[in-house]
Amino acid sequence: MASSITIDLDDATEALLNKVLSSSSVSASQLVREALLDRLEEIEDAPIVTGLAEESVVPISNAEVMRRLRLDH
C-alpha cells in the first residue's frame, strides 16, 4: 500500500530540488523516496556502526595480510 506525505521546503531547498530535477530523468517523488530510504537505512545502521567503532582492533603488518591471503609467494 502506498502512502503520501506532504513536506514543507524552504526556498533554497526548493530551488536546489528544481535544479536537480531539471537535469534528471527522475521524478520528485522518486528522488525524495530514494533519499528518505537512504536516510532511514543510515539511522537503522547507526547502532551497528557505533558498535564496530568501539571494538578494539589489533593492527597487523602488510606482510601478515599477504600471508593470511596466501599472496606471499
Side-chain angles (χ1 to χ4, degrees):
M1 179 179 143
S3 297
S4 296
I5 62 171
T6 301
I7 59 172
D8 296 319
L9 302 175
D10 59 44
D11 292 341
T13 303
E14 183 179 13
L16 181 57
L17 175 62
N18 289 331
K19 179 181 176 184
V20 169
L21 291 174
S22 71
S23 63
S24 174
S25 62
V26 299
S27 67
S29 291
Q30 182 181 355
L31 180 69
V32 172
R33 189 171 37 253
E34 290 172 5
L36 178 59
L37 181 58
D38 286 347
R39 183 66 178 121
L40 291 172
E41 288 173 346
E42 287 175 9
I43 292 169
E44 184 177 51
D45 292 343
I48 297 167
V49 173
T50 300
L52 291 173
E54 293 172 353
E55 289 182 12
S56 62
V57 177
V58 177
I60 60 173
S61 68
N62 286 343
E64 179 62 13
V65 170
M66 298 298 280
R67 187 190 69 74
R68 290 182 185 186
L69 295 174
R70 296 187 175 119
L71 299 172
D72 57 345
H73 303 48

Notebook entry, point to check: So which heavy atom on Leu17 is nearest to which on Leu9, and how close?
Noted result: CD2-CD1, 3.8 Å
Next item on the list: Considering non-hydrogen atoms only, spot the tightest contact between Arg67 and Asp72 and give its length.
Entry: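 The pair with the smallest heavy-atom distance is CG-OD2, 3.5 Å.
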Roughly how far, to the nearest 0.5 Å, is the [atom2] atom of [Y] from the [atom1] atom of [X]?
X	Y	atom1	atom2	value
Ile7	Thr13	CD1	OG1	9.0 Å
Leu36	Leu31	CG	CG	11.0 Å
Glu14	Asp8	CD	CG	10.5 Å

Checklist line | Note, Ile43 side chain near Arg39 side chain (heavy atom, < 4.5 Å) | finding: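 When only atoms from C-beta onward are counted, Arg39 and Ile43 do touch, with a gap below 4.5 Å.
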Check: If you group Ile, Leu, Val, Met, Phe, Trp and Tyr by side-chain heavy-atom gaps below 4.5 Å, do Val26 and Val32 land in one group?
Finding: no
Next item on the list: Treat each ILVMFWY residue as a node, draw an edge where side-chain heavy atoms are under 4.5 Å apart, and state whether Val58 and Met66 are in one component.
Entry: no
Notebook entry, point to check: Got a sec: does the CG of Asp11 have more than 12 other heavy atoms crowding it under 6.0 Å?
Noted result: no
Checklist line | Residues Glu41, Asp38; criterion side-chain contact (heavy atoms from CB on, under 4.5 Å); working and verdict | finding: CA-CA 5 Å; Glu41 288 173 346; Asp38 286 347; 4.3 Å; yes
